[in-house]
Amino acid sequence: MHDLAPMTPLGASAPRRDTIGPVTITEAPDWALTSVAARLGQEATSQAALEKVMGNPAPGIAGHTSGAIFSAFWIGPHIWMVEAPYATHPDLAAQIKATCADTASVTDQTGAWVRFDLTGDDLPRLMERLCNLDMGKMQAGTARRTVIEHLGCYVIRHADSITIYGPRSSAKSLHHALVTVAKSVF
Amino acid sequence: MIINHPLLGPCDAQEFVYKGDASLIDRPDGMADGTDAAFYDYAYLRDNPAGEHRELWYHEQGDRSWLVVTRNTVTHEITSVELARDVARSMGRSR
Amino acid sequence: MRLRTGGQIDRDTTISFRFDGQYYKGHPGDTLASALLANGVRLMGRSFKYHRPRGVLTAGSDEPNALVELRSGGRQEPNTRATVIELFDGLRAEPQNAWPSLKFDALAINDRLSPFLTAGFYYKTFMWPAAFWEKLYEPIIRRAAGLGSITTKPDPDAYDKGFLHCDLLIIGAGPSGLMAALTAGRAGARVILADEDFRMGGRLNAETFAISDMAGSAWAAQAVAELTTLSNVRLMPRTTVFGAFDHGIYGAVERVSDHLPTPQDGKPRQTLWRIYTKRTLLCAGALERPIAFANNDRPGIMTASALRAYVNRWAASPAETVAVFTNNDDGHRTAADLIAKGVKVVALIDTRADAPKPAGTELIAGAQVIDTSGRLGLAGITVKLANGQTRKLAVGALGVSGGWNPNVAMTCHQRGRPAWDDSIAAFIPAGDLPQGMTIAGAAEGQFSTHAALAGGATKAAQALNDLGITTTKPDLPQAEDAPTKITPFWHVRGDKRAWLDFQNDVTVKDVKLAHQEGFRSVEHLKRYTTLGMATDQGKTSNMGGLAVMAELTGQTIAQTGTTMFRPPYTPVAMGVLAGRSTGTDFRPTRLTPSHHWAKEQGAVFVEVGMWLRAQWFPRPGEKTWRESVDREVRATRNSVGVCDVTTLGKIDVQGVDAAEFLNRIYCNAFAKLPVGRVRYGLMLREDGIAYDDGTAARLAEDHFVVTTTTANAVAVYRHMEFARQCLWPDMDVQLISTTEAWAQYAIAGPNARKLLQKIVDPAFDISNDAFPFMACAEITVCNGCPARLFRISFSGELAYELAVPTRYGDALIRRIMAEGAEFDVTPYGTEALGVMRIEKGHAAGNELNGQTTALNLGMGRMVSDKKDSIGAVLSRREGLTMPDALRLVGFRPKNPQTRIPAGAHLLEKGAAMVVANDLGYVTSACYSPTLESYIAIGFLKNGQARMGETLRAASPLTGEDVEIEIVSAHFVDPEGERLRA
């Protein structure tokens, strides 16, 4: 095992957690991410391969499906982002590529994103100050790309929480926006 | 404006980047004889209609699809939105 | 004066406020205007042009007159309408446009000069001489004109933004809006009800008539209470919907904290909402219009509806003795309401000879108010009777009603053009309404309360029916259903000035002058006289102005037409449009993986796009940036330096056709690049101009990593997606950005390999033979950390770029510094990076400036004619390939210590500094510590043939004019021996 110490997107050794009013915003650096894009003409086979790895159906348009280990969300036509715990799957991309082989283009995205998990009551009231997604209509299991404070982000609605993926280099700006807005709302 | 994305449904035009006339899909073959004139037309000549216009929009803050949006430049009414890839194929573009 | 009873104010609580240096008392529920009137203050400001004393004209957001400067310091806000300022304890407001005082305003002299200050005065008077504008006219005009003054201090408040979605947006919470909200809310639809007032109810709060068996205001409160219980209804008081935009998008400003002395900690002052609607119901009511007559602008003269609003809603009467002047039945309501409240109404003057007879006051029918008196407030009026005789009445206030205009502003925000309706003598909504908008109540010309309630219910049901939502028809409460009875009457004839636009001081005379001088269309009238162009956008004045013009031209009002209304409906603070994007939060910041470490080193940072990059790393004792940069360059060239290059755009290109795809994207050939090798690539725009450059590393047959310049990363990705989806849709190629996924460091200098060998795991041979210049590989470092290594060089030295997953970027830079200590490894910033690339003659953004071709850049032969790539065909155009085309060359000053100014143009010795003599320009310049001389690169006509010649680099901007020698742009290691070592 190598001896380089990881740093969280917010620049610390441990993830950040803020509770403001009824909402808790938690930095979640412990996720491995990889994009899986079907090769031309291999849309069905690559999806089948992905589903075999995941043990779950691949998400449809704007969807998110979660399983015991692997989750995935739709990011474009025949492109998915797969999530798994980093501790057990630091080589997620290689693992997926091994199964999908030449049916898909697989790219490690672990380092590209900062993930914040939002929990608590009244999350829609927070989200309506952040992005134009209609949280009133957005069902659990939906994932959409949107803009939060000028940053392209993915917003995933779970049954009782919301996950936001933003560009890792702007983790500090995104965190500042989330906390500022939460203080403004609550 | 609201663009009714063929996959994602109604989306705010703020999420898109505008490119221009959808005729930009129709790129001439650079290896054909006497292609200079075709490229001149392609790069520089555009219609600028007051009315219905087919144009290219890119869903940069969305699913990264290029769309062909048919929009009335006077009223901003949008009558059709298609995936540009499908349009390109229907125009005979391939590889 | 405050009436003893009544009003929707909290009499149990008294709050104090200050206006014009005086302290007064009011109650919660008051506006500044109502509280001042209750305190006997009618004079609230001075007018814009003539500095005439002015009071309130209205009781709402259409107010043109009573403009004040609210608050002080950084929160000072000019042109705030006293009629909509919600009173709070400690409120402080100052009158504006008055010097030295409101009661004695020196510039009131303008009023005496009024014969000279007519419409078009500025156009006619200050034509020449031109120099007088800057030195004389403008300073005088600037002092005299303008509405209020702005603070120059920063705004201490925060502003927010937000997004809302609904089935039905209802604009205005009067009787129709409330009834619509009840209908839609009970049906379960997602409803937003927005009203600019702090108390919902609209005119119901200002009127006395009953709905069912209760007061209108009580019914409104009851409706609001029911709506509050519905989770699908969002009530937004203090919220102005200011614009209707395309496809059902509306803009609204919620005044979250304006009714408080200062916002609560962390809370915004205002929030800008972007509202996505499926349907919109405009229930914006109607605005009463005045009648123009001589000296109709004195404090105490106001619209009749305002007079009764002050009395009914706020129990405040501007005077003990009042009169009413009307051309319609609604004016009679004002008289009746005032009489009922114990205010003495000395007369009801009705222009109609057949006016109905009022109770409790004298009717003067068929009469007109022809003049008024009172220096700082109304003291009396002169009435011309039906028989031609005149009669003077002593009154402290006069309510004027010229009829009501449906509030059509929002219906015009797309392409709507209101149409004239004779039955109510007003414009009603017509033409292309904003998508999904319908109108109910007074806004569509239905003036009775019954019609408003019925319209609200019916229109809401229709809108929801369109959306497939079924509604239950509500039981309509009983309400008055009086017909509109009006005989149009716009202005009283006479020689004296009669005001139409109170805020811009436009009188009937000005309209006559515009007509006389040929400015007869409504659009010309508006611009020539400035009618309706003030901050109130002519809500009370446009109608009167165009009625006078219609009369002068002999056309009907319908033929004359009306000007368009545009957003915003009422003024919007700049701050709320900016939202949170101010100061350091203006845009997000991107931090490199080594940011925290660089900060510890005391690095000086520079913004590059959104990135913060280390510019240089000062060391103790270094007094100038040049000392630091020179040291960083020397240390790199002599031993080894390290620089964070994460910011370069990185795009993962995969697929069976990846190589062929890049072959078409780049002008040079890529198809045959072997796996494990990197190649420099130049992208052209389709017009043949250089677009971006970078490298493409082939990690596998079907896998490349492409780099872009930092600035163009997003645009290049978009461009490649365009090519993939639109140009060659059946190529098997997939793209995804990986810029952020990797922390990447350049390690450059003669000791770069020795340093890297301490970090790269021993299984990987990075000797010169095994890993030559332009090699790339996926490797591991530090005992198994996955990494990518590229042997590429921007500095001209033996150099590598090493990438690890971003989370290990901080640890890696610390490891490089620790392992490199024996080589005195030196971190370098963007300045040293820039110096070394100029020394090496590498083109960058200054050279790829959107005007240059591959040929200009000295890479003309790279453009392959054996394949079709973007931009290749047009790059071969005659005009871009002339023999004397610009070429990238280097420049050295005759005196090595003389700076060459970047941007300077190249001239022959002795040539005049004129465009005809221009030979090219300097793009990048620096001091080269390696050559111990200033150097530069740039473009020179036919430059490759002029080596060794002497020219001048001259800058008319800085005055510098330097003799330079033309040399190769590759100052350092032109043969490339160092980078291949």
Side-chain angles (χ1 to χ4, degrees), chain A residues 1-9 11-12 29 33 35 37-42 75 78-79 86 90-91 94 102 104-114 127-137 149-151 166-174 176-177 180-181 183-186, chain C residues 158 160-165 190 265-268 271 274 276 580-581 585 587-593 595-596 610-611 646-647 652 654-658 702-703 730-743 780-786 804-812 815:
Chain A
M1 187 57 195
H2 69 83
D3 51 5
L4 293 175
M7 183 183 252
T8 67
L33 287 176
S35 63
R39 291 274 168 95
L40 190 77
Q42 305 277 338
I75 59 173
H78 310 295
I79 312 178
Y86 186 81
D91 53 352
D102 286 343
S105 295
V106 178
T107 305
D108 186 3
Q109 289 281 318
T110 304
W113 303 92
V114 57
M127 295 306 291
E128 74 187 17
R129 303 281 186 101
L130 288 168
C131 66
N132 67 11
L133 294 174
D134 183 357
M135 301 310 287
K137 286 272 171 71
E149 281 299 302
H150 315 283
L151 296 167
R168 177 179 172 119
S169 64
S170 296
K172 207 174 148 193
S173 295
L174 179 57
H176 174 70
T180 305
V181 169
K183 285 180 180 162
S184 163
V185 175
F186 301 113
Chain C
D160 236 333
K161 282 192 187 182
F163 307 84
L164 297 173
H165 303 258
R190 295 171 84 191
D265 192 33
K267 304 295 180 216
T271 300
R274 188 174 176 86
Y276 299 90
R580 292 184 295 263
S581 303
D585 296 332
R587 60 180 178 184
T589 305
R590 300 176 79 178
L591 301 180
T592 63
H595 183 82
H596 299 278
M610 295 195 324
W611 289 100
T646 303
T647 62
D652 210 46
Q654 296 194 47
V656 173
D657 296 319
D702 57 358
H703 188 186
D730 290 334
M731 275 191 146
D732 178 41
V733 55
Q734 291 82 39
L735 307 172
I736 196 155
S737 166
T738 58
T739 304
E740 310 249 347
W742 297 89
T780 61
V781 297
C782 305
N783 290 320
C785 181
V804 294
T806 314
R807 61 178 58 202
Y808 301 118
D810 177 79
L812 181 64
R815 184 65 55 86

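So you know, we letter chains A, B, ... as the sequences are listed, proteins then strands, and number each from 1.
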Shortest non-hydrogen separation from A:L40 to C:D732 and the atoms involved: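 Heavy-atom minimum between the residues: N-OD1, 2.7 Å.
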
Contacting moiety of C:W742, where chain A heavy atoms sit under 4.5 Å: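 It is neither, since no heavy atom gets under 4.5 Å.
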
Side chain, backbone, both or neither of C:P268 within contact of chain A (heavy atoms, under 4.5 Å):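 The answer is both parts of C:P268.
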
Under a 4.5 Å cutoff for heavy-atom pairs, which residue among [options] has the most contacts with chain C?
options	answer
A:D108, A:T107, A:T8	A:T107
A:A104, A:G11, A:P90	A:G11
A:R168, A:H150, A:M127, A:Q42	A:R168

Could you check which of [options] has the highest count of heavy-atom pairs closer than 4.5 Å to chain A?
options	value
C:A743, C:G784, C:C782	C:C782
C:M731, C:K161, C:M610	C:K161
C:D702, C:V781, C:T592	C:D702
C:S737, C:A811, C:G162, C:P593	C:A811
C:T739, C:V733, C:D585, C:T780	C:D585
C:A658, C:G655, C:S581	C:G655

Could you tell me which portion of [X] (side chain, backbone, both or neither) has an atom closer than 4.5 angstrom to a non-hydrogen atom of chain C?
X	result
A:L133	backbone
A:A177	neither
A:D91	neither

For the atom pair [atom1] ([X]) and [atom2] ([Y]), what is the distance rounded to the nearest 0.5 Å?
X	Y	atom1	atom2	value
A:L130	C:F163	CG	CZ	8.5 Å
C:R190	A:K137	CZ	NZ	5.0 Å
A:M135	C:L164	CE	CG	13.5 Å
A:N132	C:R274	CG	CZ	7.5 Å
C:H703	A:S105	NE2	OG	8.0 Å
C:R815	A:H2	CZ	NE2	10.0 Å

Using a 3.5 Å distance criterion without hydrogens, assess whether the side chain of [X] forms a donor-acceptor pair with backbone atoms of [Y].
X	Y	answer
C:K267	A:F186	yes
A:S170	C:T589	yes
A:Q109	C:E740	no

4.5 Å side-chain heavy-atom contact, A:H78 and C:Q734: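 In short, these two side chains do not touch, never coming nearer than 4.5 Å.
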
4.5 Å side-chain heavy-atom contact, A:E128 and C:H165: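 Contact flag for A:E128/C:H165 side chains = no.
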
